2 protein chains.
Amino acid sequence: MKKKVSLKDIAQEAGVSVALVSYVLTNKEEKARVGQEMAKKIRKIARKLNYQPNHIARSLKSGRSDTIGLIVADISNPFFGHVARTIEDEAKKNNYTVIVGSSDENMDKSGDLINVLLNRQVDGLIVIPTEGSEAQIRQLQERNVPFVLIDRFFPGIATSSISINNFAASHDAVSHLIHSGRKRIGMIAYKTNMHHIAERRRGYSEALTDNDLPTAGLLKLARYSHIKEDIRTAIDQLMGAKKPADALFFATNSLAIEGLRYIIELGIKVPEQLAVVSFDESEAFDLFHAPVTFIRQPILEMGKAAVRVLLEHIRDGERPAEEVCIDTELVIRRSSAAQ
Amino acid sequence: MKKKVSLKDIAQEAGVSVALVSYVLTNKEEKARVGQEMAKKIRKIARKLNYQPNHIARSLKSGRSDTIGLIVADISNPFFGHVARTIEDEAKKNNYTVIVGSSDENMDKSGDLINVLLNRQVDGLIVIPTEGSEAQIRQLQERNVPFVLIDRFFPGIATSSISINNFAASHDAVSHLIHSGRKRIGMIAYKTNMHHIAERRRGYSEALTDNDLPTAGLLKLARYSHIKEDIRTAIDQLMGAKKPADALFFATNSLAIEGLRYIIELGIKVPEQLAVVSFDESEAFDLFHAPVTFIRQPILEMGKAAVRVLLEHIRDGERPAEEVCIDTELVIRRSSAAQ
DNA sequence: CTTGCTTACTTAATCGTTTAAGCATATATT
DNA sequence: AATATATGCTTAAACGATTAAGTAAGCAAG
């Protein structure tokens, strides 16, 4: 790579000191009482040589990198991709750059990522935390690193977070299924202790018991690492029971997509035989023969909030934690039509 | 943010010079002839204080940032998300970090991104170039910035690139439609001069003429900025003609998904009335009532190749351009079944 | 004519790390 | 005994930018 033009090069060409050039190019001429002539000359040379400030040197001096680190579960998953995109855009508006990393829901990778990002001197972190990463989050707190959790948080740790009302959203979605006449409503969720998923499960269960509907054997859990097999087993059990399920609620879009693949394979009719509702959005839901009813997360709003709160923490290290909870929207379509 | 532990802090605590600490912690004790006792002591203190090297300071000294910049069209699009993911993983294996930016197929944004990334001293770039960005690419060449184009390239500029055989893939896909008995095969592509799309169009056209099939009025173009309207118009024209199309080939997955939404809306039967094939993969294709035949791009291989070639350029600035072309796979499913 | 104030610059320290070169002291070689 | 070599450390410069503090010259005021 061709060596870049530095202040020194400009200073040399102008026959002045590096400091003077710096004052001019950072628009501190007034304060530093630089002569008009000289200022003009320096700017001209800078333009001629196409000077671009070395961000790394600046960072070293200033202690800020104007970079924020983002840790998602998997950037290739459209949900996280969208989150990343809104954060990227919002960060750019504030002159920040984003470094993203995928944790694969794996706490070791997550810990590594946090270290890599902090060593690169990011000014703050936006994290979609992984199961078992409480200790990492606590460490961030102790080290006084500005950070915001998004999509998920740990109820036992008081941190800034952006989340949605998982319980209510779930409760609403399941209530909707009940109102459309479903009696045996199954749910497929991840086998995890993460609070957001637990809340979704709780919303589901409470909606059922609130309406005196059975819950026994209707909640199935799939392992993140064995989605395909576990979902097939779950659906086999739900649909093969003496009283088969007449509705199915998926806790995330990846679960839904995998589930719908199998539902297609089995030739199950939606919504006649089985109503379907999913958390999260997906293009795939539009192409299913019965467009899938889903819970829409306000990703744009979440991303904006995350950046806003993070920047507040970066600017004021003493700021107390801020928990933002944003409402979702149940988008009702044919997959959950009344029988 | 709590001030980080520096070499100075360790040096102070150990009562030695900063240099000595540096030698030890970068494992140059042999070369620098550091006493065993002292080395042990320094390491112990470093561990106790949880020393983490300041990557920025290191970069300033070394001139390398161990960071690569990646410019995609839109990280929230699963195709680019996958590309980004494989590059992220591959980069990490080589101790590189990735900064991603989305250009939105907009050459101004692309230019801005290139500048931002270069100012952040990335060691090299992986770029999915945008229409009209030839000048930017030429500049990278002139400035001798290590970079690789991926997914697309400019035939007029000799650069390193990773691409697929768009012409052949398209030709194969359309030939497949012809063999399955289709006679009026439409194509919907982007209105762009980008070479990869032009090649896809060419593969389509040649497959038709090779088989003495009509081409007139069957190739429709949609603007990136007006996908929805343009696709609807295109499909209306194709299906409303005196002799309606009996097959449709989409040049990308976003075009296909938007097209399929409208096909569903119109109640067109696939594959009976209309066969469908698309470039690229998508989860959504699995959920369509007739799983969509598609051209699978070897994204993993592409990402690996991109990182490999880029690192070669970074390591050897004189290395000549390397053009990698990888084969695709036509995955045949029900959407293109014989009539 | 000396003091003080402007103006227009330069010097030098700093951020955290790396690394060549230097300097004692101890030990080995002739 | 004089010289060479090994050992264990320190000094200092450098990367590129920022910025407080210093200086030199010109001019005005007392």
Side-chain angles (χ1 to χ4, degrees), chain A residues 1-43 45-46 49-67 118-123, chain B residues 1-43 45-46 49-67 118-123:
Chain A
M1 188 137 43
K2 212 172 279 182
K3 225 188 101 284
K4 292 194 62 175
V5 177
S6 71
L7 291 186
K8 203 171 158 188
D9 300 318
I10 299 176
Q12 229 143 45
E13 177 133 357
V16 296
S17 72
V18 169
L20 201 65
V21 179
S22 172
Y23 283 125
V24 172
L25 297 183
T26 50
N27 300 309
K28 293 197 186 60
E29 343 165 29
E30 315 275 290
K31 206 179 143 211
R33 301 167 313 197
V34 182
Q36 299 231 340
E37 298 281 280
M38 189 48 88
K40 213 174 280 176
K41 182 175 173 189
I42 287 173
R43 262 188 253 277
I45 296 175
L49 301 184
N50 185 32
Y51 170 73
Q52 301 289 135
N54 182 325
H55 196 272
I56 292 210
R58 243 180 210 177
S59 290
L60 181 58
K61 188 80 222 310
S62 67
R64 300 175 308 110
S65 62
D66 296 314
T67 301
L118 291 181
N119 291 352
R120 302 219 166 210
Q121 314 299 122
V122 296
D123 295 336
Chain B
M1 189 139 43
K2 211 171 279 184
K3 226 190 98 282
K4 293 194 63 176
V5 177
S6 72
L7 291 185
K8 204 170 158 188
D9 299 319
I10 299 176
Q12 228 142 46
E13 176 133 359
V16 296
S17 71
V18 169
L20 200 66
V21 179
S22 172
Y23 284 124
V24 171
L25 297 183
T26 50
N27 299 309
K28 295 198 185 57
E29 343 164 30
E30 315 274 289
K31 205 178 144 213
R33 300 164 316 196
V34 181
Q36 300 232 339
E37 297 281 282
M38 189 48 86
K40 213 174 279 178
K41 181 174 173 191
I42 287 172
R43 263 187 251 277
I45 295 176
L49 299 183
N50 185 31
Y51 169 74
Q52 301 288 134
N54 181 325
H55 197 272
I56 292 212
R58 241 178 212 180
S59 290
L60 181 58
K61 190 83 226 306
S62 67
R64 300 174 311 110
S65 63
D66 296 315
T67 302
L118 291 182
N119 291 352
R120 304 222 164 208
Q121 315 299 120
V122 297
D123 295 336

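Keep in mind the model is a prediction, meaning the values are calculated, not measured. Naming convention: chains lettered A, B, ... in sequence-line order (proteins, then strands); numbering from 1 in each chain. No hydrogens, no waters, no symmetry mates; every other heavy atom, side chains included, goes into these values.
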In 5'-to-3' order, the base (B), backbone-only (S) or no-contact (-) status of each nucleotide in nucleotides 17-27 of chain D, using a 4.0 angstrom heavy-atom cut-off, is BBBB-B-----

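- For B:E29 and D:dA6, the CD to P distance is 19 Å, given to the nearest whole Å.
- When all heavy atoms of B:S65 and B:H55 are compared, the closest pair comes out as O-CE1, 2.9 Å.
- In this view, A:R64 and A:D66 satisfy the salt bridge (Lys or Arg N to Asp or Glu O under 4.0 Å) rule, not counting sequence neighbours.
- Whole-Å rounding puts the B:R64 CZ to C:dG16 P distance at 21 Å.
- When the P atom of D:dT10 is taken as reference, atom CD of B:Q12 falls 13 Å away, rounded to whole Å.
- Between B:K40 and B:E29 there is no salt bridge, since no side-chain N of the basic residue sits under 4.0 Å from a carboxylate O of the acidic one.
- A:L60 has its CG atom 13 Å from the C1' atom of C:dT18, to the nearest Å.
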For residues 6-14 of chain B, dump all side-chain donor-acceptor pairs below 3.5 Å to protein atoms at least two apart in sequence or in another chain.
from: B:S6; atom 1: OG; to: B:K8; atom 2: N; distance (Å): 3.3
from: B:S6; atom 1: OG; to: B:D9; atom 2: OD2; distance (Å): 3.4
from: B:D9; atom 1: OD2; to: B:S6; atom 2: N; distance (Å): 2.8
from: B:E13; atom 1: OE2; to: B:K48; atom 2: NZ; distance (Å): 2.4

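- With A:S22 contributing its side chain and A:V18 its backbone, the two residues share no donor-acceptor pair below 3.5 Å.
- One can place CD1 of B:I42 at 8 Å from P of D:dC9, the figure rounded to the nearest angstrom.
- Rounded to the nearest 0.5 Å, atoms CZ (B:R58) and CD1 (A:I56) are 13.0 Å apart.
- Taking atom CG of residue A:D66 and atom P of nucleotide C:dC15, one finds them 19 Å apart after rounding to whole Å.
- Map B:S62 and B:V16 each onto its nearest nucleotide of DNA chain D; the residue landing nearer the 5' end is B:V16.
- Atom CD in B:E30 sits roughly 16 Å away from atom C1' in D:dC9 (whole-Å rounding).
- Distance B:I56 CD1 to C:dT17 C1': 12 Å, rounded to the nearest Å.
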